[in-house]
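I have placed the structure first, in the form of structure tokens, so that the comments after it can refer back to it.
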There are 2 protein chains.
Amino acid sequence: MATSKKTKQRDWAGSTGSHDHRLCIVDALDKAAELCSQRGARLTQIRRRVLELIWSSHRPIGAYSLLEVLKEERANAAPPTVYRAIDFLLEQGLVHRIQSQNAFIGCPNPDPNQPHNGMFLICTDCGNAVELEESKIDRLLKSSASNQGFVIESRTVEAAGLCPDCQLN
Amino acid sequence: MATSKKTKQRDWAGSTGSHDHRLCIVDALDKAAELCSQRGARLTQIRRRVLELIWSSHRPIGAYSLLEVLKEERANAAPPTVYRAIDFLLEQGLVHRIQSQNAFIGCPNPDPNQPHNGMFLICTDCGNAVELEESKIDRLLKSSASNQGFVIESRTVEAAGLCPDCQLN
DNA sequence: ATCACAAATGTTATACTATAACAATTATTA
DNA sequence: TAATAATTGTTATAGTATAACATTTGTGAT
Ligand SMILES: [Zn+2]
Ligand SMILES: [Zn+2]
Ligand SMILES: [Zn+2]
Ligand SMILES: [Zn+2]
């Protein structure tokens with residue numbers, strides 16, 4: 001039979017259909033405003049807008065894609081415009097860099113104290129990415145490094161594959 | 001007292017002093033030749049030389065650094081020359097890409113059957129990197145992904161920090 | 001050996017990603 | 001309001017990677 005039967009273990013947060021993404025955006029911008037205010041960091045118009053653009057989907061987005069959109073609203077936008085905004089957002093832990101794509105994605109759970117490195121599942125088909133919360137993996141990595149006398153300060157974990165939605169096709 | 005007392009848990013394979021690196025290079029080239037021969041893949045002069053250059057240290061090296069050296073020996077070397085060689089070596093699983101540095105490093109243990117993704121500890125001070133063998137982390141990642149219905153096909157794991165040598169300074 | 005074909009390399013140009021450097025503007029605070 | 005710091009504007013350039021097509025080299029068949 002052709003009936004599509006989804007057997008999801010858990011909602012895939014990257015799926016477009018599974019939630020009202022406008023809420024993701026509003027929520028992210030609210031959190032950002034509060035965090036910045038607490039820290040005395042200035043979430044300027046440009047920075048806020050870039051964050052909003054990054055949150056426009058659950059797909060990592062590149063600096064020059066952001067620039068294209070920004071240019072329509074702000075004639076004098078240039079690479080430094082967007083890179084500075086990204087740098088700020090990265091420093092504040094509001095977005096993460098996806099190393100395997102030279103792209104950026106919003107952090108759904110910015111740490112109020114200090115920024116963290118995200119761990120990501122990235123769909124090679126639809127491009128959506130979700131951030132994992134797996135302290136176990138971090139602990140394992142740390143202990144494995146420590147066996148060699150190595151002290152980890154930051155890390156990149158990015159897994160590529162097929163999200164539940166895209167496995168159906 | 002100023003005596004340097006090292007308390008190493010295990011030899012840090014990235015350390016220059018801890019071993020005769022010429023053996024690493026010879027060994028890597030031998031393995032590569034054998035693997036390619038088994039597969040009917042052609043380890044040409046350029047490809048072999050690029051592999052050798054990548055193995056010239058335990059530091060990830062960028063394509064354009066390789067090109068600089070290559071140009072001294074081969075006047076008409078150009079970006080495609082080195083990128084094609086790198087592509088071949090990546091396909092054969094003889095080298096890995098370090099995403100966080102846009103650079104490449106030799107695989108000390110190329111899989112005879114199919115290439116694997118490496119997991120790396122990378123020293124932010126001396127630049128040396130070593131590949132971890134941690135199937136536990138892979139299993140954890142896979143199971144964590146599977147909780148969300150996500151199937152991993154490849155992954156990037158890169159940890160930055162201080163190697164045992166550089167912690168002494 | 002010679003031909004036909006495929007693989008590898010040569011060559012030029014260009015796309016994409018990121019930062020340097022300095023000027024102008026805007027916000028903060030003394 | 002003047003001094004200072006932070007942000008943004010502007011131009012140029014560095015660094016990474018690939019497209020496209022020509023040429024050469026290797027391989028197997030005749
Ligand atoms: Zn959403
Ligand atoms: Zn997908
Ligand atoms: Zn070595
Ligand atoms: Zn080191």
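Per chain, numbering begins at 1; letters A, B, ... match sequence-line order.
- Among the nucleotides D:dT7, D:dT10, C:dA18, the one closest to the side chain of A:Ala78 is D:dT10.
- Between B:Glu52 and B:Arg49 there is a salt bridge, since a side-chain N of the basic residue sits under 4.0 Å from a carboxylate O of the acidic one.
- Spacing between atom CZ of A:Arg48 and atom P of D:dT8 amounts to 14 Å, rounded to whole angstrom units.
- In terms of modelled atom types and a separation under 3.5 Å, the side chain of B:Glu158 and the main chain of B:Ser100 share a donor-acceptor contact.
- The distance between atom CD of A:Glu68 and atom C1' of C:dT17, rounded to the nearest whole Å, is 14 Å.
- An OP1 or OP2 oxygen of D:dT8 is reached within less than 4.0 angstrom by no side-chain nitrogen or oxygen of A:Arg74.
- The listed nucleotides are D:dA17, D:dT8, C:dA18; the one nearest the side chain of B:Pro79 is D:dA17.
- Per the geometry, CD belonging to A:Gln101 stands 11 Å off P belonging to C:dT17, to the nearest Å.
- Side-chain proximity of B:Pro80 to D:dT8, D:dA19, D:dA17: nearest is D:dA19.
- A donor-acceptor pair shorter than 3.5 Å cannot be found between the side chains of B:Asn117 and B:Ser154.
- A:Arg84 comes within contact range of at least one nucleobase, with a heavy-atom separation under 4.0 Å.
- Mapping B:Gln45 and B:Tyr64 onto DNA chain C via the closest heavy atom, the residue that lands nearer the 5' end is B:Gln45.
- Sequence order on DNA chain D of the closest nucleotides to B:Arg42 and B:Ser65 puts B:Ser65 first from the 5' end.
- Atoms CG (A:Asp87) and C1' (D:dT7) sit 13 Å apart, rounded to a whole Å.
- In this structure, A:Leu90 places its CG atom 13 Å from C1' of C:dA18, rounding to the nearest Å.
- A:Lys31 and A:Asp27 are joined by a salt bridge, as a carboxylate oxygen and a charged side-chain nitrogen come within less than 4.0 angstrom of each other.
- Between B:Arg49 atom CZ and C:dT9 atom P the separation is 15 Å, expressed in whole Å.
- Distances shown here put every side-chain N or O of A:Asn102 at or beyond 4.0 Å from the OP1 or OP2 atom of D:dT16.
- Straight-line distance from the CD1 atom of B:Ile46 to the P atom of D:dT23: 18 Å, rounded to whole Å.
- Comparing atom distances between the A:Asn76 side chain and each of C:dA18, C:dG10, D:dT10 picks out D:dT10 as nearest.
- If you measure from atom CD1 of A:Ile61 to atom C1' of C:dT17, you get 14 Å, rounded to the nearest angstrom.
- Residues B:Gly106 and B:Trp55 come closest through the heavy atom pair CA-NE1, 3.4 Å.
- Note on B:Tyr83: a side-chain N or O is less than 4.0 Å away from OP1 or OP2 of D:dA17.
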